[in-house]
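Because the structure is a prediction, the values reported are computed rather than measured.
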Amino acid sequence: MKSLLLLALCSIALLTGCDSMSSRVHDRFTAVAPQTRVFPADRRAVFDAGLVAVKNIELLVGRKSLAQGLIEAYAPIRQGDAIRDARQTTLKITLTETDDGQTQVGLLVSENTEGSFPGGVSEQNLRQHSLYELYFSTLQQVLLENGSIKAPGNP
């Protein structure tokens with residue numbers, strides 16, 4: 001009788017966690033869309049300012065291509081702990097010119113983890129990270145400073 005009661009309690013506890021586990025699994029395997037902002041400047045100006053913004057937030061420029069509208073940046077590798085031997089944050093920035101001559105900037109922040117676990121390197125795109133807002137605000141500041149865009153309220 002006691003074993004039946006114990007089995008029932010374990011079943012209830014297991015079923016209670018299914019909802020939260022289901023949403024965590026869903027979030028883990030659902031593609032993360034880049035966060036976007038539109039800037040009132042041409043693609044070349046935003047590309048040049050984008051490179052400066054990457055350096056201003058103390059990241060390193062990896063691959064870059066104006067023709068493809070792509071900037072890839074990365075942070076230095078950080079040593080981890082026993083589970084995560086090394087971690088690195090990367091940014092993928094895409095530039096798309098809109099029909100009205102503005103530029104849409106897409107930003108995707110990822111964390112790459114290399115550990116002693118099977119499979120080696122793991123990449124996870126992040127839905128939320130402080131680098132999203134930091135990069136966009138730095139990019140806007142660079143565009144304002146170099147005169148590519150005007151401050152709101154200034155003719």
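Annotation: side chain of V109 is not in contact with side chain of T90 (no heavy-atom distance under 4.5 Å). Side-chain contact between T36 and L107: absent, with no pair of heavy atoms (C-beta onward) separated by less than 4.5 Å. Residues R63 and Q68 meet the side-chain proximity criterion, which asks for heavy atoms closer than 4.5 Å. With a 4.5 Å cut-off on side-chain heavy atoms, E72 and I93 do not count as touching. Residues F39 and R37 form a side-chain contact, since some pair of their non-hydrogen atoms from C-beta on lies under 4.5 Å apart. Under the 4.5 Å side-chain criterion, counting only non-hydrogen atoms from C-beta, E145 is not in contact with V52. Put simply, the side chain of V46 reaches to within 4.5 Å of the side chain of V105, judged on heavy atoms. Two residues are said to be in side-chain contact when any heavy atoms from C-beta on lie closer than 4.5 Å; I149 and Q140 meet this criterion.
The hydrophobic clustering, which links ILVMFWY residues whose side-chain heavy atoms are closer than 4.5 Å, places L126 and Y74 apart. Under a hydrophobic-cluster definition in which Ile, Leu, Val, Met, Phe, Trp and Tyr are linked whenever side-chain heavy atoms come within less than 4.5 Å, directly or via other members, V61 and L143 are assigned to the same cluster. Hydrophobic clustering places V32 together with F136 (ILVMFWY residues linked when any side-chain heavy atoms are closer than 4.5 Å, directly or through intermediates).
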- Query: Hey, mind stepping through E97 and R44 against salt bridge (Lys or Arg N to Asp or Glu O under 4.0 Å) and telling me if it holds?
  - Reply: CA-CA 10 Å; E97 199 161 325; R44 177 63 194 214; over 6 Å; no
- Which is it for I71 and L51 under the side-chain contact (heavy atoms from CB on, under 4.5 Å) test, yes or no, and what are the steps along the way? CA-CA 7 Å; I71 301 171; L51 293 172; 4.0 Å; yes
- Item | R87 and E111: CA distance, side-chain angles, deciding distance, side-chain contact (heavy atoms from CB on, under 4.5 Å) verdict | CA-CA 7 Å; R87 293 180 293 161; E111 183 172 82; 4.1 Å; yes
- side-chain contact (heavy atoms from CB on, under 4.5 Å) assessment of L144 paired with K150: CA-CA 6 Å; L144 285 167; K150 295 188 179 355; 5.7 Å; no
- Task: Could you please spell out the steps behind the side-chain contact (heavy atoms from CB on, under 4.5 Å) verdict for L108 and L91?
- Result: CA-CA 6 Å; L108 186 61; L91 276 66; over 6 Å; no
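Checking side-chain atoms of Y135 against main-chain N and O of A53 turns up no donor-acceptor pair under 3.5 Å. Checking side-chain atoms of S65 against main-chain N and O of G69 turns up no donor-acceptor pair under 3.5 Å. Looking at S148, its side chain never comes within 3.5 Å of a backbone N or O of A45 through a donor-acceptor pair.
Of the inter-residue distances, the one linking E58 atom CD with L134 atom CG reads 10.0 Å to the nearest 0.5 angstrom. In this structure, CD on Q88 lies 4.5 Å from CD1 on I77, to the nearest 0.5 angstrom. The CG atom of L59 lies 6.0 Å from the CG atom of L131; values are rounded to the nearest 0.5 Å.
Nearest heavy atom pair, residue A41 against residue T103, reads O-OG1, 2.7 Å. A pairwise comparison of heavy atoms in R43 and L95 identifies NH1-O, 3.7 Å as the closest pair. Taking all atoms of both residues into account, the shortest heavy-atom contact from L70 to F47 is O-CE1, 3.7 Å. The two residues L139 and G50 come nearest to each other via the heavy atoms CD1-N, 3.6 Å.
With 3.5 Å as the limit, one finds a donor-acceptor pair spanning the side chains of S110 and N125.
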